[in-house]
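A short write-up of the structure that comes next.
Atoms within each ligand, like the ligands themselves, are counted from 1 in listed order. Every heavy atom of this structure was used, including side-chain atoms; hydrogens, water molecules and symmetry mates were not.
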Amino acid sequence: MSDKDFPYSGFSSLAIHAGHQQDPNYAHLTPIYATSTFVYDDAEQGMRRFSGKEQGYIYTRWGNPTFHEAEEKIAAMESFGVTDEHGDPLILKAYLQASGMAAISTLMMSTLKAGDKILSHYSLYGGTQEQMNTLLPAFGVDAVIADLRDLTIAEDMLKKHPAIKMIYIETPANPTIQCVDIEALTLLGKQYGKVIACDNTFATPYLQQPFKYGVDFVIHSTTKFLNGHGTAIGGVFMSRDVSFMKGKAYKVYKALGGSSSPFDAFLLVNGMKTLEVRMERHCSNAEKVAALLNTHSAVASVNYNGLTSHPDHAVAKKQMRHPGAMMSFELKGGLQSGISFMNKLQLCTRTVSLGTCDTLLSHPASMTHYSVPKEQRERYGITDGLIRMSVGMENIEDILSDLEQALK
Ligand SMILES: *Cc1c(COP(=O)(O)O)cnc(C)c1O
């Protein structure tokens, strides 16, 4: 049975089954196609494959059956219940990539050229920021960075910089958990004829579907919640413009060479099947953790978009099913209390990254931002006592007691 024929009523049914094709040897799971190349019966078949007259795999950098299942599954999740401008089910085309950054590179190189500009929000994943600030300018593409939570500012920038080709958003953003209004920005961007791209890594398609609002491109770092177990780096680049994806974007995808590996794709496929149950648990745990921290005497403030005190609470509520599993909080007592809190953790894991089964905590001032001068990091909101947390799926009582004993 082809998954396209079955009218899935629930997200998990789709996440488990969509994208799967019967294996020629009847393996239950799509095998890891660990092969660099694919063979032809005769020279004529090779000709038909290369000319595109016959469907089939050629070389793994160009596509692979294990990638294909992951690509189709993510596309099915991002388009679940979403319709196109004619009211028909939305069709997406996705390419699996070696990392989230590779997906962003393919997006930028296939949509922009020298002289174009990107409009983006000031809070973005560090690697994306670096790509916009240092790599792209060398190719003649500059970024206009503004507070895109303010639509008046966004419109002023569009008027002031007619060379803006793309609006690039990330919501919730890493690491501030700030949210921008996808629907309002897409409406505005479309009035000015711009392309809209959204990094949906923090939310996942279970919590938020940017294509519902008319966004053109969605990218993910699948390394995080989509894989869900911290077993592989990966990314995906996808669009509603299927002919662009099969044409220009496919050429760039092949020539940049950032395709995934069949092993990583296999791990991703299996991780994604449980996305709904994992996100439900991550999110319900996060709400309870936020409630504890919010009233704790050792905590100065909690930054979590599920709290009504968060400046983007209303926007998050409008476009996300649940507030997500990421938060940060500020300890009273600065650097020393941050270090001592981190050292006392027994159950939770001290590390960067996010989206795995276990609860992950990092202390940017002593870890990721240790070498950044205090004055500079404080401008980005990275204060001495700031702790970032990816709430995991352990039993909530255990997470809460570990935090309570470490906060003592
Ligand atoms: C991690 C991350 C990326 C980069 O992904 P990699 O898989 O590490 O290359 C991009 N965007 C966001 C929001 C991320 O959290």
Side-chain angles (χ1 to χ4, degrees), residues 67 70-71 74 78 94-109 118 120-136 143 145 148 166 168-180 182 197-208 210 215 217-238 253 256-261 263-265 267-268 271-272 275 279 282 303 305 312 316 319-320 324-328 351-356 360-362 364 367-369 380 382 388-391:
F67 299 176
E71 292 166 345
I74 301 176
E78 282 289 359
Y95 293 117
L96 197 66
Q97 301 263 254
S99 66
M101 290 315 302
I104 297 170
S105 306
T106 309
L107 164 73
M108 299 302 182
M109 298 292 262
I118 310 170
S120 195
H121 186 64
Y122 62 84
S123 176
L124 286 178
Y125 176 69
T128 312
Q129 228 159 19
E130 184 164 341
Q131 191 175 106
M132 283 187 195
N133 293 340
T134 64
L135 292 185
L136 292 175
I145 303 295
L148 297 186
M166 176 197 287
Y168 183 93
I169 58 182
E170 179 183 311
T171 182
N174 191 346
T176 57
I177 338 278
Q178 287 179 356
C179 298
V180 296
I182 306 173
C198 181
D199 180 337
N200 202 27
T201 300
F202 267 38
T204 80
Y206 179 63
L207 298 184
Q208 171 177 284
V215 159
F217 294 97
V218 166
I219 70 96
H220 278 281
S221 165
T222 62
T223 313
K224 317 293 169 53
F225 292 101
L226 284 175
N227 170 297
H229 301 76
T231 54
I233 299 282
V236 71
F237 159 53
M238 70 186 112
Y253 161 81
L256 275 181
S259 55
S260 184
S261 106
F263 292 90
D264 293 352
L267 294 168
L268 174 62
M272 288 193 294
L275 185 67
M279 292 313 286
H282 277 295
N303 179 29
N305 60 33
D312 306 326
Q319 62 198 19
M320 295 174 74
M326 295 300 299
M327 69 183 72
S328 60
T351 185
V352 293
S353 200
L354 56 122
T356 60
L360 311 181
L361 288 108
S362 67
M367 296 164 68
T368 47
H369 292 70
Y380 303 121
I382 312 284
R388 196 183 84 162
M389 184 170 188
S390 166
V391 180

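- Contact of the L96 side chain with the L268 side chain is registered, since non-hydrogen atoms from C-beta on lie closer than 4.5 Å.
- Between Q319 and P210, the closest side-chain pair of non-hydrogen atoms is not below 4.5 Å.
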Can you pull every nitrogen or oxygen pair between ligand 1 and the protein closer than 3.5 angstrom?
from	atom 1	to	atom 2	distance (Å)
ligand 1	5 (O)	S221	OG	3.0
ligand 1	7 (O)	G100	N	2.9
ligand 1	7 (O)	S221	OG	2.8
ligand 1	7 (O)	T223	OG1	2.7
ligand 1	9 (O)	G100	N	3.0
ligand 1	9 (O)	M101	N	2.9
ligand 1	11 (N)	D199	OD2	2.7
ligand 1	15 (O)	N174	ND2	3.0
ligand 1	15 (O)	K224	NZ	2.8

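- When side chains are defined from C-beta on, L354 counts as touching R388, because their heavy atoms get closer than 4.5 Å.
- Atom OG1 of T201 and atom CD1 of I219 lie 5.0 Å apart (nearest 0.5 Å).
- Evaluation of the side-chain hydrogen bond (donor to acceptor under 3.5 Å, both in side chains) rule for Y206 yields E280 as partners, not counting sequence neighbours.
- In F263, the CZ atom is not crowded: 12 or fewer heavy atoms of neighbouring residues, nucleotides or ligands sit closer than 6.0 Å.
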